[in-house]
There are 2 protein chains.
Amino acid sequence: MAVSERGPRERMVFSAAQLIRRDGVASTGMREVAAHAEAPRGSLQHYFPGGKEQLVNEAVGWAGRYAAGRVARFLAALPEPTPGGLFAQMVRQWTDEYESKGFGGGCPVAAATVDRAESAASTREAVSAAFAEWTGAVALALSDMGVPAERARPLATLMISSLEGAILMARAERDVRPLTTVSRELGPLLDSAANATG
Amino acid sequence: MAVSERGPRERMVFSAAQLIRRDGVASTGMREVAAHAEAPRGSLQHYFPGGKEQLVNEAVGWAGRYAAGRVARFLAALPEPTPGGLFAQMVRQWTDEYESKGFGGGCPVAAATVDRAESAASTREAVSAAFAEWTGAVALALSDMGVPAERARPLATLMISSLEGAILMARAERDVRPLTTVSRELGPLLDSAANATG
DNA sequence: CCTGTTCCATGACCGCTGTCATAGTAGCCG
DNA sequence: CGGCTACTATGACAGCGGTCATGGAACAGG
């Protein structure tokens with residue numbers, strides 16, 4: 001799965017994101033990406049003349065778009081949209097993965113931040129853009145649920161921060177407890193913001 | 001600073017933590033650690049016969065102990081200890097660093113998690129222990145401030161998760177905004193838990 | 001003095017990495 | 001067919017990584 005469809009270029013970006021989120025940027029080799037994508041090694045320099053940095057940046061961008069896109073689908077899946085319900089869905093995506101497929105992977109955007117924020121300026125910008133896109137999507141969703149405009153972005157930042165940190169702790173402990181904890185603790189706070197006067 | 005005192009062994013562990021939190025585990029070389037610690041390269045195999053993995057694990061352990069130890073000192077610095085005040089201090093340590101020294105480094109425990117959780121079992125355990133020690137210290141502090149026992153650990157997990165995630169976002173954006181945001185948004189929630197009936 | 005322990009010095013090894021150079025194939029256009 | 005572009009194949013290179021082998025200081029105890 002997750003390999004055959006679409007062109008080799010897109011497959012390589014996708015594979016890069018998968019491998020990065022498991023092993024980090026530095027430990028993920030270009031040859032390994034090509035092999036994982038079942039793409040010819042020679043295509044690397046053809047599609048990514050900017051080298052590894054370009055590939056990583058595109059993988060981060062893909063992850064940001066993916067995360068932002070999920071938000072809308074989470075909303076659609078909620079019978080009665082509430083901020084706490086959205087956050088629970090966001091968290092659940094991770095608990096589901098960890099419980100069904102193990103704790104092998106984290107967030108590729110976080111991995112790129114840790115490994116490249118200081119050493120590659122363009123990657124740091126890509127990571128920043130990914131977080132911004134994701135935060136924007138969540139903030140928009142919050143607004144739609146009645147959260148006052150000036151509270152939407154801060155709460156979105158809080159949601160994503162907590163989720164990212166909980167992912168780290170869950171991977172470390174090999175236990176979804178941190179994820180379920182932040183979901184339960186933050187839910188009421190988020191819901192109460194939806195009914196407050198702006 | 002931070003180099004001359006103490007023995008070479010301890011200096012190398014400390015330097016490893018510093019370099020890891022800036023560049024990640026994989027991008028930090030052993031020779032680089034020795035040079036940064038102004039320690040002889042030959043001492044590496046003497047003090048760390050377990051190789052890089054041992055050095056990384058000790059650096060993570062050091063970071064966990066350091067973070068846990070800070071909690072008590074934060075408490076002592078607060079005229080009127082409250083959960084929100086403690087969290088504000090924890091966040092402030094990072095905003096202070098970022099504003100005075102730039103966004104060069106993140107949390108070494110997070111870096112080790114991202115880079116080694118899947119590839120080195122002993123490092124994953126070290127990271128788990130570090131988070132546990134830190135969480136335990138925060139939970140203990142919360143209990144001392146009147147937070148009901150069964151709420152202390154979940155809230156401590158929430159605090160550390162949010163902080164870790166905010167550190168990531170702040171580094172990515174090169175802006176302390178995510179840090180100040182989570183502090184402001186979470187403060188009231190934390191304080192309200194201190195006065196609740198257990 | 002000899003002996004052992006602790007610590008440091010240095011060079012070599014092998015594997016892997018990203019990148020490049022070069023050449024080859026496929027397919028469309030005219 | 002020639003010519004052009006898109007894509008693939010492969011080998012080499014230079015660099016760096018962690019690790020190991022070997023040997024030399026420094027210094028203690030006997």
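Note on naming: letters A, B, ... go to the chains in the order of the sequence lines (proteins, then strands), and numbering restarts at 1 for each one.
When each of C:dT19, C:dC8, D:dT19 is scored by its nearest atom to the side-chain atoms of B:Arg41, the top-ranked nucleotide is D:dT19.
Summarising the geometry, the separation between CD on B:Glu32 and C1' on D:dT19 is reported as 17 Å, rounded to the nearest angstrom. Counting to the nearest Å, the P atom of C:dT17 and the CG atom of A:Leu55 are 14 Å from each other. Following rounding to the nearest Å, A:Gln54 (CD) and C:dC20 (P) show an atom-to-atom distance of 12 Å. Taking atom CZ of B:Arg31 as the reference point, atom C1' of D:dC16 lies 8 Å away to the nearest angstrom. One can place CG of B:Leu44 at 11 Å from C1' of D:dT19, the figure rounded to the nearest angstrom. Taking atom CE on B:Met30 and atom C1' on D:dT19, their separation rounds to 9 Å, with Å as the unit. Straight-line distance from the CG atom of B:Leu19 to the P atom of D:dG17: 12 Å, rounded to whole Å. Between A:Lys52 atom NZ and C:dT19 atom C1' the separation is 12 Å, expressed in whole Å.
Side-chain contact check for A:Met159 versus A:Met90: some heavy-atom pair is nearer than 4.5 Å. Using a 4.5 Å heavy-atom threshold, the side chains of B:Phe48 and B:Met30 count as separate.
Nucleic acid contact for A:Ser27: none, since no nucleic acid atom lies under 4.0 Å from a heavy atom of the residue.
In terms of modelled atom types and a separation under 3.5 Å, the side chain of B:Ser128 and the main chain of B:Glu125 share no donor-acceptor contact.
Residue B:Ser43 places at least one side-chain N or O under 4.0 Å from the OP1 or OP2 atom of C:dC8. Taking 4.0 angstrom as the limit, B:Tyr47 places a side-chain polar atom (N or O) nearer than this to OP1 or OP2 of C:dC8. Checking the phosphate oxygens (OP1, OP2) of D:dC7, a side-chain nitrogen or oxygen of A:His46 falls inside 4.0 Å.
Between A:Ala26 and A:Gln45, the one whose closest nucleotide on DNA chain C sits nearer the 5' end is A:Ala26.
Side-chain N/O atoms of A:Thr157 and B:Arg177 include a donor and acceptor closer than 3.5 Å.
For B:Arg31, the side chain to side chain contact (heavy atoms under 4.5 Å, CB included) test picks out B:Arg41, with sequence neighbours left out.
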